[in-house]
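Hydrogens, waters and symmetry mates are skipped; everything else that's a heavy atom, side chains included, is used. Quick note on labels: first sequence line is chain A, next is B, and so on, each numbered from 1. Computed from a prediction, not measured in an experiment: that's the story for all the values here.
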2 protein chains.
Amino acid sequence: MQSMTSLNKITDFRRPVAINLANRTATSACDDCAARHHGLCEALSDEEVGFLFRAAQRQTLPAGTVFIEEGEAAAYFYNVNSGNVRLFKSLPDGRRQITGFAGPGHFLGLAATEKNVFSAESMEPVRLCRFSRAALLSMFAEYPILERKLLDVAMHELVLGQQQMLLLGRKTAIERIASFLLSWAERQDVCSSGALPKPHSSLTLPLSRTDLADYLGLTIETVSRSLSTLKREGLIEIPNIHEVVLLRPQALSDIAEAAV
Amino acid sequence: MQSMTSLNKITDFRRPVAINLANRTATSACDDCAARHHGLCEALSDEEVGFLFRAAQRQTLPAGTVFIEEGEAAAYFYNVNSGNVRLFKSLPDGRRQITGFAGPGHFLGLAATEKNVFSAESMEPVRLCRFSRAALLSMFAEYPILERKLLDVAMHELVLGQQQMLLLGRKTAIERIASFLLSWAERQDVCSSGALPKPHSSLTLPLSRTDLADYLGLTIETVSRSLSTLKREGLIEIPNIHEVVLLRPQALSDIAEAAV
DNA sequence: GCGCCTCCATGACGCAGGTCAAACCGCCCT
DNA sequence: AGGGCGGTTTGACCTGCGTCATGGAGGCGC
């Protein structure tokens, strides 16, 4: 049991690292950051965060800004401080596949080679910390825990990616919508990982129907129709366009997982 | 230019590591391994490989053995020495999505939490090195380069995963087949990364039509029909069931990327 | 309040790809 | 050589979802 160490907990095996005296200005700036205790930064001490802070450039972007462009040289990594971001790939004729969303604390840029293999666009006003590749690489040498944490992050994204492949390759429209609602509930901490949300849990969807369609590999019409079906059958309520109430999570789960 | 260090080359920044005298028996066993100069092991010195060797259990499996089962406790990591393996997720009603293939040198188990989130099955007789989580974690402390290399591996898999999401979510049947053929050519080193294979390049497909269908989110009938269409139009030749000749890679690429 | 614009819902219809069925093709076994 | 068997191809048909079109609902400027 004890030996069954979670692989997503490899950060538990922290090596001792040299601690330098971070300047207080830096640290306290991070104190106010919504991402201070999420994602990458949560694994770091105040001193380490201070070091990271000094290596970062801060950016504030209005909604709808594409700040990572597929095919461009991949010069930077990003950490989201506030706001939500959509990640996507496009085909020349305009077809788009959203591969994921990044909110506060999420680290961007792991799926990259020399060129970015995806684009990123702010869905709302967004604040970011930006790191050059060189800066991040040099930080690895100083703070090995970063590397370890990034491996955790990458592993988690691999898990999500595989789930999404099953969804896109093999699930029906209704199953995709049900799966999405439950995974979004988990993301919003409405329920603990793996558990079902309580009946009548309410979700906020900062995404448009178009985003939803491009994420689930459907059209907006099919998304709309599937949501209507779930509503008609009493599994969800849609008080307004950006809100969904999960009336019967178990029934949603049965659909999402194609329970027999 | 020089500062544009590839992120997939972060292993270039090797920290000095303690080198212990590996016993020669171990090292020479690895010398014969097809995976010695691929994937994880390629990043390691003989001494490091020797250490890894002693931490590993070797397994030989016949074709069709499921050795990682979705939902089971994730106790081990694997490194493939020889043979090919399919990775997949299933729904209770039997629908299956193959999320990837692993050949010699590939490392398995990164997409895992406490439970495996995918299954793995040998497609042919396979030899593996198996590591318990605990063993791998303790190796991280001794050989940080492992962690770094695994981050590289994970990042590369994220890139592949995003490509596959675009394919599954937004491409037509023919586009999927064309994309697959080109990516398989790249995998088989028929062409360098990013470049097109030469006209008349020949590919070996160790996969059945069923595998192909489950990988591409199609049915075997559609896979078969799409291959026939490409053949009829003179883009490929199919001398036998496990071989495909790419007559006009550029035309395939135009289809795969939906060139306008 | 009014017009405009964007996003969403819903209905009618079409088609890419799924389903069902039959023929075909090695390949092994005797 | 013949027969059985699993995998593949091909054809005929069907359907889930995409496409196209229309109407509605909310937001925003003036």
Side-chain angles (χ1 to χ4, degrees), chain A residues 62-64 86 91 93-98 123-124 167-181 204-233 236-244 255 258, chain B residues 63-64 86 91 93-98 121 123-124 167-181 203-233 236-244 255-256 258:
Chain A
R86 59 181 150 247
L91 291 171
D93 61 6
R95 278 174 283 172
R96 185 177 74 153
Q97 178 65 42
I98 293 182
M123 299 164 69
E124 28 188 12
L167 181 151
L168 293 171
R170 289 300 182 212
K171 291 190 181 179
T172 66
I174 288 259
E175 289 166 357
R176 294 181 199 205
I177 296 288
S179 301
F180 167 78
L181 290 173
T204 308
L205 300 185
L207 354 133
S208 69
R209 296 289 183 261
T210 303
D211 283 337
L212 209 33
D214 284 348
Y215 182 51
L216 300 179
L218 300 169
T219 59
I220 53 172
E221 292 93 333
T222 301
V223 167
S224 189
R225 274 189 261 268
S226 302
L227 284 169
S228 297
T229 302
L230 290 177
K231 184 169 68 175
R232 198 174 332 112
E233 307 204 330
I236 62 173
E237 238 165 37
I238 308 178
N240 68 69
I241 211 77
H242 288 299
E243 207 171 329
V244 174
I255 293 175
Chain B
R86 62 183 148 244
L91 291 171
D93 61 7
R95 278 175 283 173
R96 185 178 75 154
Q97 178 65 42
I98 293 182
E121 179 181 4
M123 299 163 70
E124 26 188 13
L167 181 150
L168 293 171
R170 288 301 182 213
K171 290 190 180 177
T172 65
I174 289 259
E175 289 166 358
R176 294 180 199 205
I177 295 288
S179 302
F180 168 78
L181 290 174
L203 294 186
T204 309
L205 301 185
L207 352 138
S208 69
R209 296 292 183 259
T210 304
D211 283 337
L212 209 34
D214 284 348
Y215 183 52
L216 300 178
L218 301 169
T219 58
I220 52 172
E221 292 93 333
T222 301
V223 167
S224 188
R225 273 189 262 268
S226 302
L227 283 170
S228 297
T229 302
L230 290 176
K231 183 170 69 177
R232 197 175 332 114
E233 307 203 332
I236 62 173
E237 238 165 37
I238 309 179
N240 68 68
I241 211 77
H242 289 300
E243 206 172 330
V244 174
I255 294 175

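- As a whole-Å value, the separation of B:L230 CG from D:dT9 P is 12 Å.
- Comparing A:S224 and A:R170 against DNA chain C, the residue whose closest nucleotide sits nearer the 5' end is A:S224.
- Atom CD1 of A:I220 and atom P of C:dT10 are 13 Å apart (whole Å).
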Next item on the list: Please step through side-chain contact (heavy atoms from CB on, under 4.5 Å) for the pair B:L207 and B:F180, ending with a clear verdict.
Entry: CA-CA 12 Å; B:L207 352 138; B:F180 168 78; 3.4 Å; yes
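- Counting non-hydrogen atoms under 4.0 angstrom, A:I241 reaches the backbone sugars and phosphates but no base.
- OP1 or OP2 of D:dT10 has at least one side-chain nitrogen or oxygen of B:S228 nearer than 4.0 Å.
- Across every non-hydrogen atom of A:D214 and B:R170, the tightest pair is OD1-NH2, 2.8 Å.
- Going from atom CZ of A:R176 over to atom P of D:dG16 covers 14 Å, rounded to whole Å.
- When each of B:K231 and A:I174 is assigned the nucleotide of DNA chain D with its nearest heavy atom, B:K231 is the one assigned upstream, toward the 5' end.
- Taking only side-chain nitrogens and oxygens, A:T210 never comes nearer than 4.0 Å to OP1 or OP2 of C:dC7.
- The base of C:dC20 lies close enough to the side chain of B:E221 for a donor and an acceptor atom to sit less than 3.5 Å apart.
- Of all non-hydrogen atoms in A:G169 and B:Q97, the two that sit nearest each other are CA-OE1, 3.3 Å.
- Here the shortest heavy-atom pairing between B:A213 and B:T219 reads CB-C, 3.5 Å.
- Atom CG in B:L207 sits about 17 Å away from atom C1' in D:dG6, given to the nearest Å.
- At the heavy-atom level, B:L218 lies under 4.0 Å from the strands shown only through sugar-phosphate atoms.
- Taking atom CZ on B:R209 and atom P on C:dG26, their separation rounds to 13 Å, with Å as the unit.
- Counting distance only, with no hydrogens placed and no angle test, the side-chain atoms of B:R225 and the base atoms of C:dT19 include a donor-acceptor pair under 3.5 Å.
- Regarding A:N240, its CG atom lies at a distance of 11 Å from the P atom of C:dA9, rounded to whole Å.
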